[in-house]
Amino acid sequence: MGLISIGEFPEKLERFFIYKGYRELNLYDYQREAFSKLYEGKDLLVVVPPGRGKTIVAKFLITLSLWRKKIACYLVPTVELLKEKARQIQEFFGDGAHVIVLAGEYKPYVSEIRRNEKRLVIVGTYEAFTSFLFNIKKYEYFRSAVPFGCVIVDEAHYLGDVDRRPNLEFLIWKVRNEFGSQILLLSASFSERSARRWSERFGLELIYENEYEPIKYKIKTYDKLKDKYKVVLGEVDLIISEFKNLGDNKRLLILIFCYTRLEAESLAIEIRNLVLENFKFQGRLKFYCDFVHAGKNFREREDTVKEFKLADIGILCCSPVLEAGVDIRDIKNVLIIDADRYDGIRLTQIAGRCRDRDGTIIHIVEEGREDILIKKMKVIKLEDNAGVFNGYYMEEIGSWVLVYNFPRLVLQQLYHKQLTFKEIVNQISELGNFQFRERKSKEFLIVENKVGISIDLLKDYIRYILEKSIEIGFILRSGGRYKLTNAGEAFVESLVPFGWGSEIIKYFKENRTPSGKEFKQLHERLVLKQLVEVEKIKDIKRLGNIIEFIRKYDSKNIEKWKLNSQGIPRIEKGFADLYRRTALWIAHSIYNIYLSLIHI
């Protein structure tokens with residue numbers, strides 16, 4: 001198939017892309033191929049190395065949707081990436097597009113959507129957009145039954161995340177089959193085998209490139225845990241010394257990826273002290289060193305990254321929160337602490353932050369674990385634990401579905417529908433050949449280990465979920481058909497875990513008019529479960545400090561909590577903000593399920 005040039009697009013599209021500077025000669029071959037296929041209306045999975053312009057392909061498809069008077073949707077895994085992509089899209093299209101952000105419990109106004117329906121771009125997280133899809137009919141957001149021109153899923157390798165894959169795969173299936181949307185999946189972290197498998201599974205055409213630019217690397221070892229920081233500090237000292245000796249006016253930005261939040265915080269303090277003690281910067285040279293992780297609230301993270309970008313010599317210690325495509329240019333050195341503990345997919349994402357061809361990826365590993373890391377690297381040249389490589393070997397992205405994810409998929413099939421058991425089984429089967437990790441449940445036992453689940457076992461498990469949901473009050477059965485109750489619809493919309501929904505329903509059945517104190521106890525119990533089981537906060541003492549701080553506030557004023565009080569240290573504010581966001585989400589979910597039970 002011959003590739004079309006920009007000049008072969010309709011005149012309006014041609015003028016727009018020439019105005020934005022995207023002539024044919026400015027594009028990689030894969031971009032021209034993607035433009036051609038997308039213009040023909042085909043669905044694509046595009047897998048190319050970091051820094052090769054995947055966002056340009058996304059902007060092209062958004063342009064096509066707007067030109068066709070359809071809504072464009074751009075989905076990302078994290079709030080950090082969401083804010084950045086929303087800003088980039090708004091700047092690129094200017095007055096030609098109206099960008100709406102979907103995150104958390106935020107739901108846009110119907111008037112805002114309808115007023116801008118012909119130039120609307122929705123940027124959202126996977127989970128927030130899924131919730132939005134379930135509320136479209138309820139709030140009557142759109143005049144058209146097929147409002148979406150395209151749905152773009154960035155960082156699509158999250159299909160390999162056992163917790164997020166079921167909802168993400170269902171989301172892709174839903175927008176294709178129910179809304180007829182054109183689909184574009186983007187990633188830098190699929191192996192070729194995985195990419196082919198998932199493109200076939202979704203019926204997408206595949207554009208795959210794995211020619212990574214060769215880049216220098218080092219492997220540094222430490223022999224004891226207490227010596228780890230010495231190795232890191234030594235590398236930072238060496239990098240800054242070499243930079244100063246060059247005597248040029250270029251900037252030096254260093255990213256240090258730490259395995260834990262506490263490590264990022266502690267290391268930032270150590271580096272700041274080292275640099276201020278050993279180096280004196282002349283003139284107006286600006287030095288900046290800080291940490292960033294998910295424990296900080298978004299505004300704090302945004303301010304930290306902004307200051308880092310503006311520095312002449314900037315050092316940022318971060319947990320892997322920045323691995324997923326956040327755009328920080330001019331990074332010359334990336335240090336990865338305990339690099340052997342990451343898989344090839346995450347290493348690819350982290351190393352992709354280094355955009356300088358003369359840059360270096362420095363791996364810090366415990367002595368004796370170098371071989372574990374080297375086996376993950378595509379080494380071109382190796383000499384004394386240094387050399388050149390062109391990327392990492394990436395693991396297969398499988399299709400695991402944990403037992404606790406599966407009930408939600410079953411109930412999602414019934415949203416605003418009445419289906420027979422056979423129809424439910426058929427719809428679930430269309431989502432893929434499910435596999436289960438070995439997992440024991442008090443009420444149901446799955447012992448299949450890395451083996452495709454049989455259709456008989458699938459039917460048995462769906463039947464069990466339906467019976468359990470009827471018992472809880474999520475589903476009604478009439479004349480051989482199943483449908484969701486009001487509480488069931490509220491559960492699907494809320495995205496809370498199945499067990500929690502059951503606990504909330506049971507609570508309100510036993511307490512038809514709960515007191516404020518009883519409500520607080522239920523709310524706090526679920527919030528703590530989320531923080532300990534999902535957010536993996538293990539520092540109970542720190543969590544206790546936050547809870548004591550939060551308890552000073554009335555739960556009726558949950559949306560007005562102020563977390564900048566002097567009553568809590570700066571580091572604790574980030575955890576307090578996480579508590580606030582979690583508490584707000586769960587409070588909304590409990591309230592919505594409560595309203596559904598009393599039929600308001």
Asker: For K174, which residues count as a side chain to side chain donor-acceptor pair (under 3.5 Å) partner, sequence neighbours excluded?
Answerer: E178
Asker: Search all heavy atoms of P49 against all heavy atoms of A188 and return the closest pair with its distance.
Answerer: C-CB, 4.1 Å
Asker: Could you pull out the closest heavy-atom pair between C258 and I337, with the gap in Å?
Answerer: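 In this case the closest contact between C258 and I337 is SG-CD1, 4.0 Å.
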Asker: With sequence neighbours excluded, what pairs up with R369 under the side chain to side chain donor-acceptor pair (under 3.5 Å) test?
Answerer: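 Expected list: D340.
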Asker: Apply side chain to side chain donor-acceptor pair (under 3.5 Å) to T55 and list each qualifying residue two or more places apart in sequence or on a separate chain.
Answerer: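 Side chain to side chain donor-acceptor pair (under 3.5 Å) check on T55 returns K85.
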Asker: State which residues pass side chain to side chain contact (heavy atoms under 4.5 Å, CB included) with L274; sequence neighbours excluded, sorted by chain then number.
Answerer: L233, D237, N278
Asker: Applying side chain to side chain contact (heavy atoms under 4.5 Å, CB included), can you list everything that pairs with A97, at least two apart in sequence or on another chain?
Answerer: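 L66, F93, V121.
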Asker: Quiz question: by atom type and distance under 3.5 Å, do the side chains of H293 and E265 form a donor-acceptor pair?
Answerer: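 Present: a donor and an acceptor within the cut-off.
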Asker: Just jot down the ring-ring contact (aromatic ring centres under 6.0 Å, His included) partners of F148, sequence neighbours excluded, or say none.
Answerer: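 Result, ring-ring contact (aromatic ring centres under 6.0 Å, His included) vs F148: F129, F142, F179.
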Asker: Can you list everything that forms a side chain to side chain donor-acceptor pair (under 3.5 Å) with E117? Sequence neighbours excluded, please.
Answerer: R143
Asker: Any chance the rings of Y208 and F190 have centres within less than 6.0 Å?
Answerer: no
Asker: With sequence neighbours excluded, what pairs up with Y393 under the ring-ring contact (aromatic ring centres under 6.0 Å, His included) test?
Answerer: none
Asker: Is the NZ or CZ atom of R341 both under 6.0 Å from the centre of the six-membered ring of Y259 and within 45° of that ring's axis?
Answerer: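 Yes; both conditions hold, so R341 lies above the ring face of Y259.
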Asker: Test of understanding: with salt bridge (charged side-chain N to carboxylate O under 4.0 Å, His left out), list the residues that count as partners of E205, not counting sequence neighbours.
Answerer: K37, K42
Asker: Residues two or more places apart in sequence or in another chain: which of them pass salt bridge (charged side-chain N to carboxylate O under 4.0 Å, His left out) with K118?
Answerer: none
Asker: Tell me which one of E367, E263, E235 satisfies salt bridge (charged side-chain N to carboxylate O under 4.0 Å, His left out) with K228.
Answerer: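 Only match with K228 under salt bridge (charged side-chain N to carboxylate O under 4.0 Å, His left out): E263.
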Asker: Between Q90 and V99 (side chain of the first, backbone of the second, donor and acceptor by atom type, cut-off under 3.5 Å), is there such a pair?
Answerer: yes
Asker: Do Y217 and V334 make a side-chain contact, defined as non-hydrogen atoms from C-beta onward lying under 4.5 Å apart?
Answerer: no
Asker: Using the side chain to side chain contact (heavy atoms under 4.5 Å, CB included) criterion, which residues pair with A58? Sequence neighbours excluded.
Answerer: Y74, I152, L186
Asker: Can you sort out the partners of E200 under side chain to side chain contact (heavy atoms under 4.5 Å, CB included), two or more places apart, ordered by chain and number?
Answerer: none
